[in-house]
**Q** 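Have a look at the structure that comes next, please.
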2 protein chains.
Amino acid sequence: MADDLFYQKGFENTSFTDIADTAGIARGNFYYYFKSKDDILAAVLSKRSENIRELLSEWEKEYPEPAERLKNYALMLVKSQSTIENFGCPLGAMCLELNKLRHALQDDASGMLELFREWLSKQFSALGHEADASKLAMHMLGRCQGISLITSAYNDLDYLNREVDALQEWIDTLSPGYKQRPGQ
Amino acid sequence: MADDLFYQKGFENTSFTDIADTAGIARGNFYYYFKSKDDILAAVLSKRSENIRELLSEWEKEYPEPAERLKNYALMLVKSQSTIENFGCPLGAMCLELNKLRHALQDDASGMLELFREWLSKQFSALGHEADASKLAMHMLGRCQGISLITSAYNDLDYLNREVDALQEWIDTLSPGYKQRPGQ
DNA sequence: GTCTATACGGAGATAGAC
DNA sequence: GTCTATCTCCGTATAGAC
């Protein structure tokens with residue numbers, strides 16, 4: 001699928017030949033289904049968004065507690081650590097590349113981040129942080145993006161696991177039962 | 001200079017025509033100075049490393065205290081917020097792109113991150129965290145990379161300033177005079 | 001040293017046979 | 001619907017005039 005190639009090689013650096021070879025069909029045949037390369041990108045982004053929506057609704061079924069949901073999001077980094085080590089975060093890399101290309105679909109890419117942000121925000125609200133739920137969500141997005149990038153730059157999975165642990169603890173800190181320090 | 005173009009457009013997406021136009025010289029004339037495009041990249045990476053070394057030694061002169069030095073590193077994000085908003089962090093983006101290209105010079109790119117990591121690590125050691133200075137340094141690198149990426153994806157400078165403030169507070173937390181909470 | 005002209009390959013895209 | 005052949009454009013790189 002083109003999605004994997006865009007993730008592994010980047011959008012611009014993936015050619016029709018690459019996609020056709022992977023899919024096992026002829027180059028020219030692509031134009032029967034897509035009218036341009038950007039059209040393929042649009043389809044990929046749309047499919048990814050759909051996958052994200054499905055993933056989030058699955059998580060909601062599987063984990064009833066907001067704190068568990070948040071921790072599960074962080075845990076996603078650990079689960080996909082081998083691909084992150086090689087290619088970074090698929091969302092972050094896509095946003096960055098389309099941004100630099102000043103591509104028309106760059107908002108579609110950041111829209112995928114937005115799906116996560118909204119969902120995370122809801123969980124933080126449910127934890128009792130209605131006032132700054134969105135800020136906490138963005139903080140968490142940023143932490144995860146940073147972890148992904150450094151992990152791929154250094155090929156350091158110890159770092160990734162360490163940082164995810166720290167994130168989990170941070171979430172505990174924000175949970176209702178957490179013992180606050182005096183004067184705060 | 002080619003450096004700016006690589007930063008703003010990415011390496012692969014920058015053509016000789018782009019560089020020649022910016023430099024105001026003829027395309028073909030480049031091969032008098034560089035034997036290939038990769039050769040230009042090598043020169044750019046080398047120059048960047050040199051700049052980083054200079055920057056770090058300047059900071060050491062300007063700020064005697066390790067905590068101030070660390071804070072100044074975080075403050076760099078604020079100072080260059082307009083370019084970060086548009087193009088992300090030059091180091092992080094370069095590492096990510098060369099990584100995906102499986103480029104021979106990808107280690108040179110992560111070597112630039114390593115310069116910062118070593119320097120940050122020294123400052124954390126001086127703050128009294130010899131045992132996990134390197135881990136704290138990587139944590140800080142990751143935080144900054146995440147901030148850069150999210151800032152560019154969302155074009156949100158409020159987020160950037162908020163997160164840099166949080167980083168500064170985190171550094172205070174690690175400083176010798178900081179009042180610890182009981183039981184820790 | 002700096003330019004123009006050009007080679008050569010690979011990219012995206014199209015036409016038309018089957 | 002799927003293929004092959006081909007077009008055009010632009011990329012890096014080279015040759016050679018000045």
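Here is how names work: the chains are called A, B, and so on, in the same order as the sequence lines, proteins then strands, and each is numbered from 1. From a predicted model like this one, the values you see are computed outputs, not experimental measurements.
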**Q** Whole angstroms only, please: what is the NZ-C1' distance between A/Lys9 and C/dA11?
**A** 13 Å
**Q** Does the structure place the NZ or CZ of A/Lys37 under 6.0 Å from the centre of the six-membered ring of A/Phe30, at an angle of no more than 45° from the ring's axis?
**A**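 That pair does not qualify as a cation-pi contact.
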**Q** Below 3.5 Å, can you tabulate the donor-acceptor pairs from side chains in residues 18-28 of chain A to any protein atom, sequence neighbours excluded?
**A**
unit_1	atom_1	unit_2	atom_2	d
A/Asp18	OD2	A/Ser15	N	3.0
A/Asp18	OD2	A/Ser15	OG	3.2
A/Thr22	OG1	A/Asp18	O	2.9

**Q** Over 60° means perpendicular and under 30° means parallel, so tell me whether B/Phe87 and B/Tyr7 are parallel, tilted or perpendicular.
**A** perpendicular
**Q** Please give, in whole Å, the distance from D/dA5 C1' to A/Phe30 CZ?
**A**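 So the two atoms are 18 Å apart, to the nearest Å.
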**Q** From the options D/dG1, C/dC3, D/dT4, select the nucleotide whose nearest atom is closest to the side chain of A/Tyr32.
**A**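 So the nucleotide nearest the side chain must be D/dG1.
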**Q** Measure the acute angle between the ring planes of B/His139 and B/Trp170, then classify it against the limits of 30° and 60° as parallel, tilted or perpendicular.
**A** tilted
**Q** State the CG-CG distance between B/Asp3 and B/Leu41, to the nearest 0.5 angstrom.
**A**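 It is 10.0 Å, given to the nearest 0.5 Å.
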**Q** Report, as a single string ordered 5' to 3', how protein heavy atoms within less than 4.0 Å touch nucleotides 11-18 of chain D: B base, S sugar-phosphate only, - not at all.
**A** SSBB----
